[in-house]
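Note that the coordinates shown come from a computational prediction; the quantities given were computed from them, not determined experimentally. Hydrogens, waters and symmetry mates play no part in the numbers below; they use all other heavy atoms, side chains included.
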Amino acid sequence: MYLATMQIEQFKEKGYLLIENLFDEKEVELIRTEMLQVIAEDCPRRILEKNGSVRSFFAPDHSNEIFEKIVKLKRLVIPAAQLIGTDVYAHQTKINSKSAMTGDWWEWHQDYTYWKKDDGMPAADVLTAMIYLNDVNEFNGPMLLIPGSHKIGTVDEGENISGDGENGNGWFEEYKTSTFYMTALTADLKYTLKQEEIARWARQRGIESAKGPAGSVLFFHGNVFHASSNNLSPWDRYSFLVTYNSVNNQLEAVEKPRPAFIANRNFDKIIPVHDHL
């Protein structure tokens, strides 16, 4: 699947592009079924919320055939390569399970900040394709984005430092420090955008919510300002995210590299496969 010129221009202008119904109902149901099996595995790739529910599961494609196929689908790889301008490889994959009534927030941030500081990614020639596994509405914590904010570049925010037990949840404070990389994955993110920064750009450019039916795909730039609120609704908001990076933007050496399930260092370009699961 090739994007039209108008779609490419929209991505360049806004920093994101939502395409509805890129996956049909049967495919979405299959992915959800596989997802529930995958996130049941207790392993380092599974990240928890403050209440103990599953927040994310990294690299499901390392152990599941369906997710492995999705990463290589033409309908994802070809648009990603068009938008980035080169061949691509998968830097990171993950399931985000913003479950009904329990899914926690994601603070305002830029994804590329983490990949630059923690993984040694030289440039922001990177985007993420987020597949909606449920209908996303105004109630179940849709992603919020500031259109055009990717043009600002990378806002160099310092690392957030939180005190032990400041949220009154002792086990979670211990959990956040269980590995050197955990604070980049849980609620209370390590690198976030300050309120005054968000307010300044929101006044100029507004805020949009990326709502759409299950089967939609949101392509968004690594530097676009984005966040999402808690899911207080009775409806799940599951998604599978694939981060495609330019093959010319290979990670540089860092002192403490994160595990391969978070930051892939196999830079071979993806050869797209036929569009069926």
K.L.:
Tell me whether Tyr175 contacts the main-chain N or O of Leu48 through its side chain, where contact means a donor paired with an acceptor under 3.5 Å.
P.N.:
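At least one qualifying donor-acceptor pair exists.
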K.L.:
Between Val217 and Tyr132, is there a side-chain heavy-atom distance shorter than 4.5 Å?
P.N.:
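Not touching, per the 4.5 Å side-chain cut-off.
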K.L.:
If you apply the rule side-chain contact (heavy atoms from CB on, under 4.5 Å), what do you find for Lys94 with Thr243, and how did you get there?
P.N.:
CA-CA 9 Å; Lys94 65 177 178 177; Thr243 296; over 6 Å; no
K.L.:
Do any N or O atoms from the side chain of Asn140 and from the backbone of Ser233 form a donor-acceptor pair under 3.5 angstrom?
P.N.:
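Answer holds: no.
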K.L.:
Ignoring hydrogens and geometry, is there a side-chain-to-backbone donor-acceptor pair from Glu68 to Asp61 under 3.5 Å?
P.N.:
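Absent.
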K.L.:
Would you call Asp119-Arg265 a salt bridge at under 4.0 Å N-O?
P.N.:
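Answer for the salt bridge query: no.
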K.L.:
If you measure from the Lys or Arg side-chain nitrogens to the Asp or Glu carboxylate oxygens, is any gap between Asp275 and Arg75 under 4.0 Å?
P.N.:
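Between Arg75 and Asp275 there is a salt bridge, with a charged N closer than 4.0 Å to a carboxylate O.
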K.L.:
Any chance the rings of Trp108 and His226 have centres within less than 6.0 Å?
P.N.:
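No; His226 has its ring centre 6.0 Å or more from that of Trp108.
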K.L.:
Please determine whether side chain to side chain donor-acceptor pair (under 3.5 Å) holds for the pair Asp236 and Asn134, giving the CA-CA distance in whole Å, both sets of side-chain angles, and the decisive distance to 0.1 Å.
P.N.:
CA-CA 7 Å; Asp236 295 322; Asn134 304 96; 5.1 Å; no
K.L.:
So, for Tyr244 and Tyr89, is the gap between ring centers shorter than 6.0 Å?
P.N.:
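No, too far apart.
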K.L.:
Taking the side chain as every heavy atom from C-beta outward, state whether Lys269 and Val88 have any atom pair closer than 4.5 Å.
P.N.:
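Sidechains of Val88 and Lys269: no contact.
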K.L.:
Going by heavy atoms in the side chains, are Met143 and Phe220 under 4.5 Å from each other?
P.N.:
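In short, these two side chains touch, coming nearer than 4.5 Å.
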K.L.:
Can you list everything that forms a side-chain hydrogen bond (donor to acceptor under 3.5 Å, both in side chains) with Arg55? Sequence neighbours excluded, please.
P.N.:
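Once residues adjacent in sequence are excluded, the partners of Arg55 under the side-chain hydrogen bond (donor to acceptor under 3.5 Å, both in side chains) criterion are Glu49.
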K.L.:
Kindly determine whether Ile262 and Gln92 satisfy side-chain contact (heavy atoms from CB on, under 4.5 Å), including the steps that lead there.
P.N.:
CA-CA 6 Å; Ile262 298 175; Gln92 184 182 96; 3.6 Å; yes
K.L.:
Hey, is Glu65 close enough to Lys69 for a salt bridge, meaning N to O under 4.0 Å?
P.N.:
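Lys69 and Glu65: salt-bridged.
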K.L.:
Going through the checks in order, is the side-chain contact (heavy atoms from CB on, under 4.5 Å) test met by Leu127 and Phe11?
P.N.:
CA-CA 11 Å; Leu127 61 77; Phe11 180 86; 4.0 Å; yes
K.L.:
With heavy-atom distances below 4.5 Å as the criterion, would you say the side chains of Tyr181 and Pro259 are in contact?
P.N.:
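Side chain of Tyr181 against side chain of Pro259, heavy atoms only: contact under 4.5 Å found.
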K.L.:
Is the distance from the ring center of Tyr16 to that of Phe219 below 6.0 Å?
P.N.:
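Not under 6.0 Å, so no.
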K.L.:
Give the intermediate values and the outcome of side-chain contact (heavy atoms from CB on, under 4.5 Å) for residues Trp201 and Ile146.
P.N.:
CA-CA 7 Å; Trp201 291 106; Ile146 296 183; 4.3 Å; yes
K.L.:
Would the distance check show the side chain of Thr179 and the main-chain N or O of Met182 forming a donor-acceptor pair, the cut-off being under 3.5 Å?
P.N.:
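Present.
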K.L.:
Can you tell whether the side chains of Glu29 and Arg32 come within less than 4.0 Å, N to carboxylate O?
P.N.:
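Salt bridge flag = yes for Arg32 with Glu29.
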K.L.:
Say whether, by atom type as modelled, one donor and one acceptor occur between the side chain of Ser246 and the main chain of Asn248 under 3.5 angstrom.
P.N.:
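Yes, because the side chain of Ser246 sits within donor-acceptor range (under 3.5 Å) of the backbone of Asn248.
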K.L.:
Under 4.5 Å between any side-chain heavy atoms of Val77 and Ile271, yes or no?
P.N.:
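A side-chain contact is absent here, since even the closest heavy-atom pair is not under 4.5 Å.
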K.L.:
Please give me the minimum heavy-atom distance between Asn249 and Pro122, naming the atom from each residue.
P.N.:
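Smallest interatomic distance, heavy atoms only, reads OD1-CD, 3.3 Å.
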K.L.:
Determine whether Thr93 and Phe67 make a side-chain contact, defined as any pair of heavy atoms from C-beta on separated by less than 4.5 Å.
P.N.:
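They are not in side-chain contact.
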